[in-house]
Each structure stands twice: as structure tokens, then as C-alpha cells.
*Asks:* 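I'd like to ask you about the structure that follows.
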2 protein chains.
Amino acid sequence: MATRRAAAYSIGDLARATGVKPTTIRFYEAESLLPAPARTEGGHRIYGQRHLDRLGFIRHARELGFAMPDIRSLLDLADHPERDCTAAHGVAKAQIAAIDAKLRRLQALRAEISRVAAACGGGRAEECLILEVLADHRHGHCTDPGHGADGDGSSAGVQPAHASAGG
Amino acid sequence: MATRRAAAYSIGDLARATGVKPTTIRFYEAESLLPAPARTEGGHRIYGQRHLDRLGFIRHARELGFAMPDIRSLLDLADHPERDCTAAHGVAKAQIAAIDAKLRRLQALRAEISRVAAACGGGRAEECLILEVLADHRHGHCTDPGHGADGDGSSAGVQPAHASAGG
DNA sequence: GCTTGAACCTCCAGTCGCTGGAGGTCCCAT
DNA sequence: ATGGGACCTCCAGCGACTGGAGGTTCAAGC
């Protein structure tokens, strides 16, 4: 037998090692981000070092906000070291641009919400500035130039906070 | 002053007036954010001024990133002017906190990605720093303290950019 | 060998805020 | 009367998972 430090991990081991949940690992396999591992006779997955590495790569890329198609192409590139890495640069640049757009938007939102919230000192809803500003769909109070000045509201770049307090 | 001219809008009129698509308007109705309007004999929706106002409110709140449960409670408050607006403040404050969290995270991500992208001058994927850093799941290069230093990666506050360049 | 019970398996539905398509009906101008 | 665009309902899909139901396997302890 070629004893080549053939570390074998269960899906739970992999989960503990990477912080990615078993369900998510299976999901990545179904999405072909992670190659299908060997199985025990009973059908349990058996992972090796390369799975661990690859899952680390995926997780890190996800943490950086890369979408799955992006990760796919980054993984593809990582699998082919002889190729030119221009594509990786393109992906990274696009990601930076996307982040910048979100940052600008969030900063504008923060400014407006905090201003509005500060303006209203509390009391009856009738006189609540928060509600008033929301109700004013011409929102003349609004300082954000990229928000409603033109008629096009199709941008929808902001997901509301369902982020949760981590579990 | 009750400006109650009985303006009647079709769903398309409302869509044009607010920038919210007909499908989305119907969706809001199904979600009970927007009251069910009158109908023609044939079943077409007929909206009035209050629908227009309310839809404007909803749209504005969405633009500010409020989640639908939040919008529900804000609308509820707006429907009851005699109530105390403390709840609105709570919602707004929570939203600011959520935005701040996202901002911090996005700023850290931007810093890391742009640094990594700048470091790699191009060439073969084999030597690509972008891929290298991603592959390093201990990521010693990383400057973001809130990202991987502790074992807990469950925050997941960042959605990848499928936002499109629509804005 | 037998018994636990935790971990694993597959499949499927739900999350959030819409969006789009199928297949059919209505309305209004000509 | 007709043409065609706007409208109707219902349902599936997006991204990136998550959780549950219902069943099987594994490893440890006796």
C-alpha cells in the first residue's frame, strides 16, 4: 500500500475543519464546486486533503463575496496552473467595482436614515418624521442624488438586513 | 386637506407613477402590504390615491433597505397616527446598525480584494497571487480582523454581487 | 454479538423580494 | 367587429444556502 498520508475525513470532520456546514458541503458537491468524494460501503462520504483545500478555497472566496459563477471560474483557473490569470484579475476587479457600488449606496442610505431618525424626537406617530419622510415619495428631504431623482428604481442593489446574529 | 378627487389608476398607471412593476405591485398585495383594490367587472384592479401614496411609502422604505416585516410595522404605525412612534425609531436604529455592519464588512472586503488584486501582476495562474491567497485558508495575508481570525464564520452578512449594473 | 445514539444519507420545501412565463381574458380604440 | 396591448391567475425560478422528515450507517460500550 502506498501510505501517502491519505487523511480521510467524514463530512462532519470537514465541516469542523472549515466552518462550512455539512448541508452546505453537500450543496457545493451538488453544484459541482466540490468533486464527489469516495464513499464507504454504507454510502457515507470520505474526503481527502484536496477536498479540504478546495473547500477552504471556496469558503474564502465566498467570504470575500464572490458569487458562485465567479468561484467556479477561479477554481477552474486554479485547476489549470499553466493558464493566464487575466480572468482572475477580471473577476477581482468586477468584485471591487460591485463592492464600491454597494458601499456608495449604503453610505447614502445610512446618511439618509440616520438624519431622518435623528430629526424625529419621538411622540405620536402622526408627527413622526420617519413616517413622514417615508410617505413623501417625492422625498425632497433626500440628500442622496442617486436615489429617486431619476425615475428608474430598477437598481435594487440593497438587500435588507436579514443577516441575523450568527448562530 | 382631503384632496379626494377619486382618481382611478390601472395597475399599469400605478407602475408608471411609482416605478414599481405591476408584478411587484401584485406581489405587495398578496403580501398584504398594499390593500386589495376595487376591481372592474372584468377583474382588473382599480387603484386610488391612497394606493399610490402607500405604494410610494413602500417603495421608499424598500429603497432605504428596510425588510418587509419592518415595512409592515412602519405601515402599521402610519395607519395609526395616535400611537407612539418609538417602534419606528427602533426599526430605524436597527437598520442603521445593520447598514453599519455591512459597511464595515464591505470596507474590509474591498481592502483585501484590492490589495490582493494589485499584488498580482498577471502571468501564469500558477503564480497568481489572487488564487494563492484564496487557496490559503489560514490566509495570513488577510488584514481583516473580523474575518477568519476567530473560528466563527457564521456572520455571512455579505451577499455576492448579483445586483447587476442597473443602477 | 447487541444496543445505543450520534452522525450520516436522500429528498424536498422554505428563506427573501421579487421576476418572468404560460395560458387565458378584458378593454378600448378603430 | 376586431386587433392588440394590458390585464388576469398560477406557478416556477433566481442565489446561496438552511432545515426538516424519514430512514440508514457507524463506532463505541457492554
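We use all heavy atoms of the structure for the numbers below, so side chains are in, but hydrogens, waters and symmetry mates are not. Sequence lines set the chain letters: A, B, ... in the order given, protein chains first and strands last, and positions in each chain run from 1. Here the structure is a predicted model, which means the values were calculated and not measured.
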*Asks:* Please give, in whole Å, the distance from D/dG20 P to A/Lys21 NZ?
*Replies:* 10 Å

*Asks:* Compare all side-chain heavy atoms of A/Leu103 with those of A/Asp100 and state whether any distance is below 4.5 angstrom.
*Replies:* yes

*Asks:* Take the protein atom CZ of A/Arg59 and the nucleotide atom C1' of D/dC17, then report the distance between them rounded to whole Å.
*Replies:* 15 Å

*Asks:* Using atom CD1 of A/Ile25 as one end and atom P of D/dG19 as the other, report the distance to the nearest whole Å.
*Replies:* 14 Å

*Asks:* Quick one: on DNA chain D, does A/Thr23 or A/Glu41 contact a more 5' nucleotide (nearest heavy atom)?
*Replies:* A/Thr23

*Asks:* Rounding to a whole Å, what distance do you find between B/Phe27:CZ and D/dC10:P?
*Replies:* 16 Å

*Asks:* If you measure from CZ on B/Arg59 to CG on A/Leu134, what distance do you get to the nearest 0.5 Å?
*Replies:* 13.0 Å

*Asks:* Do B/Ile25 and B/Tyr47 have side-chain heavy atoms sitting under 4.5 Å apart?
*Replies:* yes

*Asks:* Are B/Asp13 and B/Ser10 linked by a side-chain donor-acceptor pair shorter than 3.5 Å?
*Replies:* yes

*Asks:* Whole angstroms only, please: what is the OH-P distance between A/Tyr9 and C/dA7?
*Replies:* 19 Å

*Asks:* With A/Tyr28, which residues qualify under ring pair (Phe, Tyr, Trp, His ring centres under 6.0 Å), at least two apart?
*Replies:* none

*Asks:* Rounded to the nearest angstrom, tell me the gap between atom CG in A/Leu33 and atom P in D/dG15.
*Replies:* 12 Å

*Asks:* Check the distance between C/dC18's P and B/Phe66's CZ and give it to me in whole angstrom.
*Replies:* 14 Å

*Asks:* Output the distance between atom CD1 (A/Ile113) and atom NZ (B/Lys93), rounded to the nearest 0.5 Å.
*Replies:* 14.0 Å

*Asks:* Can you name the atoms? Protein N/O to nucleotides 6-9 of chain D N/O, anything below 3.5 Å, with the distance.
*Replies:*
| from | atom 1 | to | atom 2 | distance (Å) |
| --- | --- | --- | --- | --- |
| D/dC7 | OP1 | B/Ser10 | OG | 2.8 |
| D/dC7 | OP1 | B/Gly12 | N | 2.9 |
| D/dC8 | OP1 | B/Arg45 | N | 2.9 |
| D/dC8 | OP1 | B/Arg45 | NH1 | 2.8 |
| D/dC8 | OP2 | B/Arg26 | NH1 | 2.2 |
| D/dC8 | OP2 | B/Arg45 | NH1 | 3.4 |
| D/dC8 | O5' | B/Arg45 | NH1 | 3.4 |
| D/dC8 | O3' | B/Arg39 | NH1 | 3.3 |
| D/dT9 | OP1 | B/Arg39 | NH1 | 3.2 |
| D/dT9 | OP1 | B/Arg39 | NH2 | 3.0 |
| D/dT9 | OP2 | B/Arg45 | NH1 | 3.0 |
| D/dT9 | OP2 | B/Arg45 | NH2 | 2.9 |

*Asks:* Looking at D/dA16, I'd like to know if its phosphate oxygens (OP1 or OP2) sit under 4.0 Å from a side-chain N or O belonging to A/Tyr28.
*Replies:* no

*Asks:* Would a 4.5 Å heavy-atom cut-off, applied to side chains only, mark B/His60 and B/Leu64 as touching?
*Replies:* yes

*Asks:* Given C/dC18, D/dC17, C/dG20, identify the nucleotide with an atom nearest to the side chain of B/Thr24.
*Replies:* C/dC18

*Asks:* Calculate the interatomic distance between B/Asp70 atom CG and C/dG17 atom C1'; express it in whole Å.
*Replies:* 13 Å

